[in-house]
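Below: the structure, in structure tokens.
Computed from a predicted model, the values in this text were never measured in an experiment. Just so it is clear, the values below take in all heavy atoms, side chains as well, and ignore hydrogens, waters and symmetry mates. Note on naming: letters A, B, ... go to the chains in the order of the sequence lines (proteins, then strands), and numbering restarts at 1 for each one.
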Amino acid sequence: MERLPAALPQSFYGRQVAEVARDLLGCDLWRRLPSGVICGGRIVECEAYGGSDDPGSHAFRRTPRSEIMYGPPGFAYVYFTYGMHYCANAVSHVKGTAGAVLIRALEPLADLDGMASRRGKAAIDPHGEIRPRALCSGPAKITQALAIDRGLNGTPLTGSELRISPGTGPVPDPEVKITTRIGVNSGAELLARFIVERSNFLSR
DNA sequence: GTGACGATAATCT
DNA sequence: GATTATCGTCACA
């Protein structure tokens, strides 16, 4: 992989966050490392987080951390949690509101070797082979596999460091399942988790 | 295969 | 001072 596919336009992200999350399924997330190596995968699971109407969202309150979720759509929101993990989001909302889509799982597509070495021994099976399911099956696994950290907070998703492209096209409705979000305490009943039901690369 | 638990620090009250 | 949009390991089945 040398040249990245064309990026989704910024306008893609300027819609209701649940709509964006639904449409991000089947799209491809790419990361160009400082070395020039490109890694990435297909989005098979993501969650929508809203603004002042969503108690489960960081943007429920407007704070320094969540300020970026109130900013222009189409940029990365990367936050640090549990003292050791990063999670990556796509800022998405209609003008005047706040929101972001948490990218929760990818089907690995490029640089699986590099991903495995960044993920460590948890990505290697007893025979010494890479376990593709262990590379990107969770939000913090993705950031580790793609070397995404807080330095990429605020990076455009239309650029060369970080990019989302349309992939092979929209995932048909019958293949999409919607569930409650994972790991959320308040607002737990909200149906805002979108998955490609038959994927082998989901979290949990 | 499942479920409990500890790691570890930024962020917010 | 409490909480946390998680993960890997370990026990057990």
Side-chain angles (χ1 to χ4, degrees), chain A residues 13 16-22 24-25 29 41 43-71 73 75-93 97-106 108 115-155 157 162 164 177-195 200-204:
Chain A
Y13 305 95
Q16 294 284 348
V17 66
E19 210 176 305
V20 177
R22 160 68 180 82
L24 277 175
L25 293 178
L29 171 63
I43 298 171
V44 293
E45 173 179 347
C46 59
E47 289 177 350
Y49 287 87
S52 54
D53 56 340
D54 182 358
S57 172
H58 290 166
F60 184 60
R61 301 183 207 288
R62 192 165 184 164
T63 66
R65 180 178 65 168
S66 69
E67 184 62 29
I68 189 166
M69 290 178 69
Y70 287 80
F75 292 82
Y77 166 40
V78 182
Y79 66 87
F80 184 68
T81 191
Y82 289 105
M84 60 188 86
H85 297 303
Y86 295 99
C87 296
N89 299 249
V91 174
S92 307
H93 58 83
T97 64
V101 178
L102 173 67
I103 311 300
R104 285 197 56 93
L106 303 178
M115 289 185 190
S117 66
R118 287 183 288 277
R119 288 276 298 118
K121 63 181 180 184
I124 304 298
D125 74 11
H127 305 292
E129 303 292 319
I130 293 175
R131 297 198 52 215
R133 318 234 331 236
L135 293 177
C136 300
S137 54
K141 297 180 188 178
I142 291 174
T143 58
Q144 190 177 25
L146 303 194
I148 294 170
D149 65 16
R150 202 163 34 200
L152 290 170
N153 191 36
T155 302
L157 297 172
L162 222 44
I164 300 178
K177 189 174 179 186
I178 309 176
T179 77
T180 56
R181 294 175 296 190
I182 289 178
V184 177
N185 290 307
S186 37
E189 71 292 344
L190 187 65
L191 292 170
R193 173 173 176 253
F194 298 81
I195 62 178
N200 291 130
F201 298 92
L202 303 175
S203 71
R204 294 280 164 114

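Where E47(A) and A134(A) meet DNA chain C, the nucleotide closest to each residue was compared, and E47(A) sits on the side nearer the 5' end.
Taking 4.0 angstrom as the limit, N185(A) places a side-chain polar atom (N or O) nearer than this to OP1 or OP2 of dT4(C). Of the side-chain N and O atoms in R61(A), none sit less than 4.0 angstrom from OP1 or OP2 of dT11(B). For H85(A), no side-chain nitrogen or oxygen approaches OP1 or OP2 of dC7(C) to under 4.0 Å.
The interatomic distance linking Y82(A) (OH) with dG8(C) (P) rounds to 14 Å, in whole Å. For the pair I124(A) CD1 and dT9(C) P, the computed distance is 12 Å after rounding to whole Å. The separation between I182(A) atom CD1 and dA5(C) atom C1' is 10 Å, rounded to whole Å. Rounded to whole Å, atom C1' of dC12(B) lies 17 Å from atom CZ of R62(A). Distance R133(A) CZ to dG1(B) C1': 12 Å, rounded to the nearest Å. Atom-to-atom, CE of M84(A) to P of dT4(C) comes out at 16 Å; the value is rounded to the nearest Å. Taking atom OH on Y79(A) and atom P on dC12(B), their separation rounds to 13 Å, with Å as the unit. Between R150(A) atom CZ and dT8(B) atom P the separation is 17 Å, expressed in whole Å.
Environment of CZ in R62(A): crowded, with over 12 heavy atoms of neighbouring residues, nucleotides or ligands closer than 6.0 Å.
The side chain of S57(A) sits closest to dA5(C) out of dA9(B), dT9(C), dA5(C). In the set dA10(B), dA5(C), dG8(C), the nucleotide with an atom closest to the side chain of F80(A) is dA10(B). Considering only the side chain of R65(A), dT11(B) comes nearest among dA9(B), dC7(C), dT11(B).
R119(A) comes within contact range of the sugar-phosphate backbone alone, with a heavy-atom separation under 4.0 Å but no base atom that close. Residue contacts shown for G56(A) include a base, since a base heavy atom lies under 4.0 Å away.
Counting only heavy atoms from C-beta outward, the side chains of R65(A) and Y77(A) approach each other to under 4.5 Å. No side-chain heavy atom of V184(A) sits less than 4.5 Å from a side-chain heavy atom of L190(A). Between L152(A) and Y86(A) the shortest side-chain heavy-atom distance does not fall below 4.5 Å.
Residues Q144(A) and R118(A) bring no donor and acceptor atom of their side chains to less than 3.5 Å of each other.
Under the Watson-Crick or G-U wobble criterion, with both distances below 3.5 Å, dA7(B) is paired with dT6(C).
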